[in-house]
Amino acid sequence: MSIELLIENYGLLAIFLGAAFEGETAAFLGGVVAHRGLLTYWAAASAATAGSFAGDQFWFFAGRYAARWSLVRRLLERPALARVTRLLETNPTGFILAFRFLVGLRTISPVVIGTTRISTGKFVVLNAVAALVWGQLFTALGYLFGHGIQQTLGHLPLHRHLLIAVGAAAVVAAAALALRKMRSSAGHS
């Protein structure tokens with residue numbers, strides 16, 4: 001079975017699950033695949049949006065109803081808890097709209113929000129709005145990146161195109177983590 005056939009048959013499910021559990025890379029790669037014409041842009045962006053929404057709803061409900069699970073307790077013991085709590089107390093609506101864009105806070109944030117008095121209805125609405133923006137943004141970035149690679153290097157075989165995209169996503173993720181560590185170190189000095 002070719003990679004193209006795998007993507008055509010399972011690509012939307014992979015984008016959905018990837019966006020739910022990993023995040024940006026899955027949505028970005030969905031955009032690259034859409035650029036290649038194996039999926040439509042709107043289908044890839046919708047799968048990314050739905051996956052992001054579902055994943056964050058899961059973690060919200062875990063914080064709300066499953067605080068005794070060892071996984072949830074471990075998440076709530078992370079050093080990022082203090083930062084999430086501070087940001088949430090300062091501007092709850094803004095934080096709910098923004099947490100998925102903040103490096104290192106994507107998984108812990110909905111868990112923490114679930115432990116607060118913020119209503120489920122409010123979280124569902126804000127989560128849906130933020131997931132829609134997030135899904136469209138990262139899928140569009142992948143689509144544009146795919147176009148840029150094609151303009152620069154020509155029409156590459158799909159596996160090379162995807163390897164370049166994964167490499168670019170890894171570089172961006174590493175840079176974001178390095179920046180976060182530098183900020184964290186500067187804050188403790």
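Tyr143 and Leu29 are not part of a single hydrophobic cluster, where members link through side-chain heavy atoms under 4.5 Å apart. Tracing side-chain contacts under 4.5 Å through hydrophobic residues (I, L, V, M, F, W, Y), one reaches Val133 starting from Ile15; they form part of the same cluster. Both Phe60 and Leu87 belong to a common hydrophobic cluster when Ile, Leu, Val, Met, Phe, Trp and Tyr are linked at side-chain heavy-atom distances under 4.5 angstrom. In this structure, Phe123 is a member of the same hydrophobic cluster as Phe61, with clusters built from ILVMFWY side-chain heavy atoms closer than 4.5 Å. A chain of hydrophobic side-chain contacts below 4.5 Å, direct or via other Ile, Leu, Val, Met, Phe, Trp or Tyr residues, connects Trp134 to Val32.
Donor-acceptor pairing under 3.5 Å is lacking for the side chains of Thr115 and Arg64. For the 3.5 Å distance criterion, the side chains of Arg100 and Thr107 fail to qualify, holding no donor opposite an acceptor.
Relative orientation of the Trp69 and Phe58 rings is tilted, given thresholds of 30° and 60° on the angle between their planes.
Between the CD1 atom in Ile113 and the OG1 atom in Thr120 there is a gap of 11.5 Å [rounded to 0.5 Å]. If you take CD1 on Ile118 and CG on Leu88, they are separated by 4.5 Å, rounding to the nearest 0.5 Å.
Exactly one residue among Leu102, Val112, Leu126 makes a side-chain contact (heavy atoms from CB on, under 4.5 Å) with Phe95. That residue is Leu102.
Panel note: side chain Asp56, backbone Pro110; no donor-acceptor pair is recorded below 3.5 Å.
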